[in-house]
Amino acid sequence: MEKGKLLYEGKAKKVFETENPELLIVSYKDDATAFNGLKKGTIQGKGVINNRMSNALMRLLASKGIPTHFVEELSERDTLVKKVQIVPLEVIIRNISAGSFAKHYGVEEGIVFDKPTIEFSYKNDELGDPLLNDYHALALKLATPEEIDTIKDYSFRINEALKEFWLSCGVTLVDFKLEFGRLADGTIVLADEISPDTCRLWDSATGKKLDKDRFRRDLGGVEDAYQEIMGRLEEHMGK
Ligand code: TMP
Ligand code: ASP
């Protein structure tokens with residue numbers, strides 16, 4: 001499958017049309033942004049890692065009955081995916097306090113929750129992705145009640161599957177962000193990516209951050225952390 005017209009360029013990925021109107025090619029870049037694009041940089045090799053990691057995790061989730069947009073990995077940076085209409089909700093699942101949760105509620109990072117939390121934000125860069133609840137999402141007609149139920153159900157199931165997988169790699173899944181899309185027939189599928197850009201991943205033994213927080217917070221060793229987390233995944237995938 002060849003890349004056709006560039007349909008969209010985002011902060012970390014480009015999306016191309018293909019000869020098949022139902023399929024797109026996603027191409028992962030090394031560009032990194034944080035704080036709604038305020039901080040910009042490059043993480044060498046990130047595109048290759050995020051592409052391969054996201055695909056491996058989507059295959060794992062598909063094997064657990066979660067429908068995804070993934071079709072085929074075409075090259076180190078390029079993947080064929082089903083064309084979806086993105087539901088403009090960012091779904092965040094948290095197992096442990098960190099990031100904006102710690103900030104909003106004035107607690108330290110690292111508090112292990114009895115139950116995971118879910119939150120939605122409205123995917124809208126101009127507005128800074130404001131937080132909203134189910135009622136707001138319905139009022140804004142971002143999704144139907146049935147779609148919101150499906151998205152919640154999938155998100156918690158994804159959390160269980162990913163938590164278990166990362167634990168087998170000696171990594172704690174702290175929190176992550178998901179996006180879902182609608183296929184032409186309305187089916188909800190997992191879309192976007194699952195990578196160190198969109199998850200907080202802490203070494204279970206040392207607590208070392210192996211994700212994009214190293215970039216966001218200028219902690220150094222960004223490239224090494226991406227390499228290390230990818231190495232962990234490759235060692236444990238399929239075992
Ligand atoms: P937060 O604590 O900053 O709200 O982030 C929660 C999780 O969501 C964290 O794993 C990083 C991820 N995330 C994204 O993937 N994209 C974003 O734009 C933001 C703000 C967070
Ligand atoms: N990707 C988001 C941005 O550019 C934020 C983040 O991941 O922290 O702003």
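Atoms within a ligand are numbered from 1 in the order they appear, just like the ligands themselves. Throughout, numbering of the chain's residues begins at 1 and tracks the sequence.
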Colleague: Would you check if there is a donor-acceptor pair between the side chains of D78 and N51 at a distance under 3.5 Å?
Modeller: no

Colleague: For residues Y226 and F215, establish whether the separation of their ring centroids is below 6.0 Å.
Modeller: no

Colleague: Identify which one of D192, D211, D197 satisfies the salt bridge (Lys or Arg N to Asp or Glu O under 4.0 Å) criterion when paired with K177.
Modeller: D192

Colleague: May I ask you to say whether R52 pairs ionically with E234, meaning some side-chain N is under 4.0 Å from a carboxylate O?
Modeller: yes

Colleague: F120 and side chain to side chain contact (heavy atoms under 4.5 Å, CB included): which single residue from V87, I148, L142 fits?
Modeller: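 That would be I148; it is the only one of V87, I148, L142 passing the side chain to side chain contact (heavy atoms under 4.5 Å, CB included) with F120.
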
Colleague: Could K103 and E109 be called an ion pair, given the rule that one side-chain N must be under 4.0 Å from one carboxylate O?
Modeller: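 Salt bridge flag = no for E109 with K103.
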
Colleague: Less than 4.0 Å between a side-chain N and a carboxylate O, is that true for D175 and R200?
Modeller: yes

Colleague: Below 3.5 Å only, please: the N or O atoms of ligand 2 paired with protein N or O atoms, distance on each line.
Modeller:
unit_1, atom_1, unit_2, atom_2, d
ligand 2, 1 (N), K212, NZ, 3.4
ligand 2, 4 (O), T33, OG1, 2.2
ligand 2, 4 (O), G37, N, 3.3
ligand 2, 7 (O), K212, NZ, 2.9
ligand 2, 7 (O), R216, NH2, 3.1
ligand 2, 8 (O), R216, NE, 2.6
ligand 2, 9 (O), N36, N, 2.5
ligand 2, 9 (O), G37, N, 3.0

Colleague: Any salt bridge between K46 and E223, counting N to O under 4.0 Å?
Modeller: no

Colleague: List by chain and number: which residues place a heavy atom under 4.0 Å from ligand 1?
Modeller: I92, R94, A98, G99, S100, D175, F176, K177, D197, T198, C199, R200, R216

Colleague: Have N55 and T79 got a donor and an acceptor in their side chains that come within less than 3.5 Å?
Modeller: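 The criterion, which ignores hydrogens and geometry beyond distance, is satisfied for T79 and N55.
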
